[in-house]
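Written below as structure tokens is the structure these notes are about.
FYI, side chains are in, hydrogens and waters are out, and symmetry mates aren't considered; it's all heavy atoms of this structure. Note that ligands are numbered from 1 as they come in the structure, with each ligand's atoms numbered from 1 the same way.
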Amino acid sequence: MKFREWLEELEYDVISGDLDIEVEDVIYDSRKAREHVVFVCTKGTKVDSHEFIPEVVKAGVRVLVVERQAEIPAGVTAIRVHSSREALALLSAARFDYPQEKMITIGVTGTKGKTTTTHMIKAILESCGKKVGMIGTTGIVIGSEVTPTMNTTPESYQLFESFERMAQAGCEYMVMEVSSQAFKMHRVDGIRFDYGLFTNISPDHIGPDEHADFNEYLYYKSQLLDRCRIGIVNRDDEHYHEIIKDASCELTSFSLEQEADFMAKQIHYVSEPEFVGLEFDVAGRYALEARVNIPGRFNVYNALAAISVCSFLDLPKENVRHALEHLSVNGRMEIVYASKKCTVIVDYAHNAVSMESLLETLREYHPARLVCVFGCGGNRSKDRRYSMGDSAGRLADFSILTADNSRFEKTEDIIEDIRSSIEKTGGDFIEIPDRREAIAYSMVHARPGDMIAVIGKGHEDYQEVNGVRHHFSDREVVLEIAAELEKSE
Ligand SMILES: CC(=O)N[C@H]1[C@@H](OP(=O)(O)OP(=O)(O)OC[C@H]2O[C@@H](n3ccc(=O)[nH]c3=O)[C@H](O)[C@@H]2O)O[C@H](CO)[C@@H](O)[C@@H]1O[C@H](C)C(=O)N[C@@H](C)C(=O)N[C@H](CCC(=O)O)C(=O)O
Ligand SMILES: Nc1ncnc2c1ncn2[C@@H]1O[C@H](COP(=O)(O)OP(=O)(O)OP(=O)(O)O)[C@@H](O)[C@H]1O
């Protein structure tokens, strides 16, 4: 392939060399330098990879993309662009021959609910016999193959490479989580989503290396509505008007509380031994009697959002209904065990906002007691410990403080921080640092009708202690203890 052929969508100035030079790949990591590749230099948050030009040229690279003044060795083709990250995305799209255009693409953004909603959309499509590729916090999923990723939204090159694999595997649909950081870092440049879903927004991801303030966070998230054909937005979000301000797509909305294109009405929280979840009617542009086997008011939003997207795809309603009634979203409000004695839910809530919405929503199921098993991560903000301790003390009937990923801190020290805030609330709690023992205690001492929320780790299958990840899955532990209890009964 001639380099020139990958440049059609790019604005650039030629610094030196011949654009008809033969190339076969694009790279952005100097450690992968070899012959016949284009090296894209970026000014990263930690490293400025323009510094690696001599090194990559020595390794055989003859084509460079730069975004600042740099010394270009003789015999090397170089172009200068306004943004290297944007160039990386557009070159990658061309390199893989625009694979996203071979599928129907759905992008999901929002502070909360991205993972849950993408899983719901995938489950609905699959129940209709469609092949779906999915990208997000749980990795790149193509059929039964799961590739873990560093980021919720991976780098543009990795995205286009995955799209190519999806198209080759026969996927007709691609559904992905798009973080605000991905827009900021140009990871999804070159993609025009067929459908763009906006779940909600609240202050998060503000700080060094992320967003300067809430306005910046909102600005980048809202870009989805400028990068999709049809936008589907939560009408109940308090920032709705700011979110849609600059939208260029065809806009639709969903709501639980007001007039919108898609509405959820007659919402019932169902808590039966064999089914804990939600029932509601979808009204507006689509009609469906939905039954969803995941509890919580916010999951009405997630399910309604997923149904709204799928309503555009002309799918048999019976399959849509069946998929929602038999969902399994690993570690997101997942009912791992339900019996007459108690219901155990595993959830990824790992900050006070998520914890509060989780506990408040479980309260709507009128449990005998609401029990919360949780800890906090080591080497992370201490504020999280104080705020989670405060929330649990106020909103749970009983809390069991235990280990999360302690990393390089002592679990006991982390628990001490949580204790300092939970004590002030007067809430009832005990401390059991070993997470397995803590979960076992909650189940062994359960009273009929208790709801036990084991939170913070969700889908994670490890516990990180002193830099080592030991296998640990809340889900597995709950099931093991349930089996032991049933045996001894
Ligand atoms: C702040 C941030 O977003 N950083 C992302 C960014 O890293 P960077 O480019 O700044 O990294 P850098 O280390 O300065 O390197 C600059 C360049 O030099 C190159 N390099 C580096 C070393 C070397 O020897 N040779 C070399 O060529 C690198 O390949 C890179 O191209 O680009 C990397 C590749 O895409 C990302 O993995 C990395 O995400 C870091 C790990 C991160 O923590 N990001 C968070 C903030 C994030 O993106 N989060 C969102 C939201 C999650 C959510 O909603 O919960 C996400 O989508 O994950
Ligand atoms: N629509 C929602 N509104 C508020 N909270 C939610 C919503 N959906 C899920 N949650 C809570 O947030 C947690 C994370 O949910 P999910 O993984 O679906 O969101 P996400 O946007 O992918 O989040 P993250 O970026 O933290 O991975 C859940 O475990 C649940 O406690």
Seminar exercise, completed: Checking heavy-atom distances from atom 9 (O) of ligand 1 to each of Arg85, Glu210, Gln181, Lys112, the winner is Arg85
Problem set entry | Contact atoms of ligand 2, heavy-atom distance to Thr137 under 4.0 Å | 27 (O)
Exercise. Between the candidates Lys112, His119, Met333, which shows the shortest non-hydrogen contact distance to atom 13 (C) of ligand 2?
Worked result: Lys112
Exercise. Under a 4.0 Å N-O cut-off, is there an ion pair linking Arg394 with Glu356?
Worked result: yes
Problem set entry | Phe183 six-ring centre to Arg227 NZ/CZ under 6.0 Å and within 45° of normal | no
Exercise. Aromatic rings His211 and Tyr217: how do their planes relate, parallel, tilted or perpendicular, breaks at 30° and 60°?
Worked result: tilted
Seminar exercise, completed: Quick note on ligand 1: atoms under 4.0 Å from a heavy atom of Tyr28 include exactly 19 (C), 27 (O), 28 (C), 29 (O), 30 (C), 31 (O)
Problem set entry | ligand 2 contact on Thr111 by region, counting heavy-atom pairs under 4.0 Å | backbone
For this session: Tell me which part of Lys43 gets within contact of ligand 1: side chain, backbone, both or neither, using heavy atoms under 4.0 Å.
Result: neither
Exercise. So which heavy atom in the protein is nearest atom 11 (O) of ligand 1, and how far is it from that ligand atom?
Worked result: Thr45 OG1, 4.1 Å
Problem set entry | Given Ile201, Ile244, Thr199, Thr111, the one that forms side-chain contact (heavy atoms from CB on, under 4.5 Å) with Asp237 | Ile201
Exercise. For ligand 2, which atoms, with element, lie under 4.0 Å from some heavy atom of Ser354?
Worked result: 12 (O)
Problem set entry | Distance filter under 4.0 Å to Asn200 heavy atoms, resulting ligand 2 atoms | 1 (N), 2 (C), 3 (N)
Exercise. Are Glu51 and Arg68 within salt-bridge range, i.e. N to O under 4.0 Å?
Worked result: yes
Problem set entry | Residue selection (non-hydrogen contact nearest atom 5 (C) of ligand 1) among Met185, Glu51, Lys32 | Met185
Seminar exercise, completed: The protein heavy atom nearest to atom 36 (C) of ligand 1 is Asn151 OD1, 3.3 Å
Exercise. Salt-bridged, Glu334 to Arg475, with N to O below 4.0 Å?
Worked result: yes
For this session: With heavy atoms of Asp29 as the reference, note each atom of ligand 1 found under 4.0 Å away.
Result: 25 (N), 26 (C), 27 (O), 29 (O)
Exercise. Can you list the ligand 2 atoms lying under 4.0 Å from a non-hydrogen atom of Thr116?
Worked result: 16 (P), 18 (O)
Exercise. With distance as the sole criterion, is a donor-acceptor pair present between the side chains of Asn379 and Glu409 under 3.5 Å?
Worked result: no
Problem set entry | Which residues share a salt bridge (charged side-chain N to carboxylate O under 4.0 Å, His left out) with Glu177, sequence neighbours left out | none
For this session: Could you tell me the residue and atom name of the protein heavy atom closest to atom 25 (N) of ligand 1, and the distance to it rounded to 0.1 Å?
Result: Ser30 OG, 2.8 Å
Problem set entry | Heavy-atom side-chain contact between Cys41 and Ile53 under 4.5 Å | yes
For this session: Give the numbers and elements of all ligand 2 atoms closer than 4.0 Å to a heavy atom of Tyr348.
Result: 27 (O), 29 (O)
Seminar exercise, completed: If you scan protein heavy atoms around atom 18 (O) of ligand 1, the nearest is Ser49 CB, 3.5 Å
Problem set entry | Short N or O distance, Val47 and ligand 1, threshold 3.5 Å exclusive | yes
Exercise. Hey, is Thr199 one of the residues with a heavy atom under 4.0 angstrom from ligand 2?
Worked result: no
Problem set entry | Pick from Phe52, Tyr157, Phe39, Phe183: the one approaching atom 26 (C) of ligand 1 most closely through a non-hydrogen atom | Phe52
Exercise. Mind checking whether Arg187 has a heavy atom under 4.0 Å from ligand 1?
Worked result: yes
For this session: Specify side chain, backbone, both or neither for Lys114, according to which of its non-hydrogen atoms lie closer than 4.0 Å to ligand 1.
Result: side chain
Problem set entry | Pair Asp281 + Lys265, salt bridge at N-O below 4.0 Å | no
Problem set entry | Nearest-option assignment for atom 52 (C) of ligand 1, heavy atoms, candidates Thr42, Thr153, Thr152, Thr149 | Thr152
Exercise. For Glu464, what residues pass the salt bridge (charged side-chain N to carboxylate O under 4.0 Å, His left out) criterion, not counting sequence neighbours?
Worked result: Arg469
For this session: On the 0 to 90° scale, with breaks at 30° and 60°, tag the Phe96-Tyr157 ring pair as parallel, tilted or perpendicular.
Result: perpendicular
Exercise. Among all protein non-hydrogen atoms, which one is nearest to atom 51 (C) of ligand 1, and what is the separation to 0.1 Å?
Worked result: Ser179 CB, 3.5 Å
For this session: Could you check atom 54 (O) of ligand 1 against the protein and tell me its nearest heavy-atom contact, residue, atom and distance included?
Result: His205 NE2, 3.4 Å
Seminar exercise, completed: for atom 22 (O) of ligand 2, nearest protein heavy atom and its distance come out as Thr115 OG1, 2.6 Å
Exercise. Under 4.0 Å from any heavy atom of Lys46, which atoms of ligand 1 are there?
Worked result: 12 (P), 13 (O), 14 (O)
For this session: Give the residue and atom name of whichever protein heavy atom lies nearest to atom 22 (C) of ligand 1, and the separation in Å to one decimal.
Result: Arg31 NH2, 3.2 Å
Problem set entry | Flag if over 12 foreign heavy atoms under 6.0 Å of OH, Tyr98 | yes
Exercise. Considering only heavy atoms of Met150, which atoms of ligand 1 have at least one such atom less than 4.0 Å away?
Worked result: 37 (O)
Exercise. Under 4.0 Å from any heavy atom of Ala349, which atoms of ligand 2 are there?
Worked result: 29 (O), 31 (O)
Exercise. Is it true that the NZ or CZ of Lys457 lies under 6.0 Å from the centre of Tyr462's six-membered ring and within 45 degrees of the ring axis?
Worked result: yes
For this session: Measure the distance from atom 33 (C) of ligand 1 to every protein heavy atom, then report the residue, atom name and distance (to 0.1 Å) of the closest one.
Result: Glu155 OE1, 4.4 Å
Exercise. Does a side-chain N-to-carboxylate-O contact under 4.0 Å join Lys184 and Glu216?
Worked result: yes
Exercise. Using a heavy-atom cut-off of under 4.0 Å, does the side chain or the backbone of Asn302 touch ligand 2, or both, or neither?
Worked result: side chain
Problem set entry | More than 12 heavy atoms of other groups within 6.0 Å of Gln69 CD | no
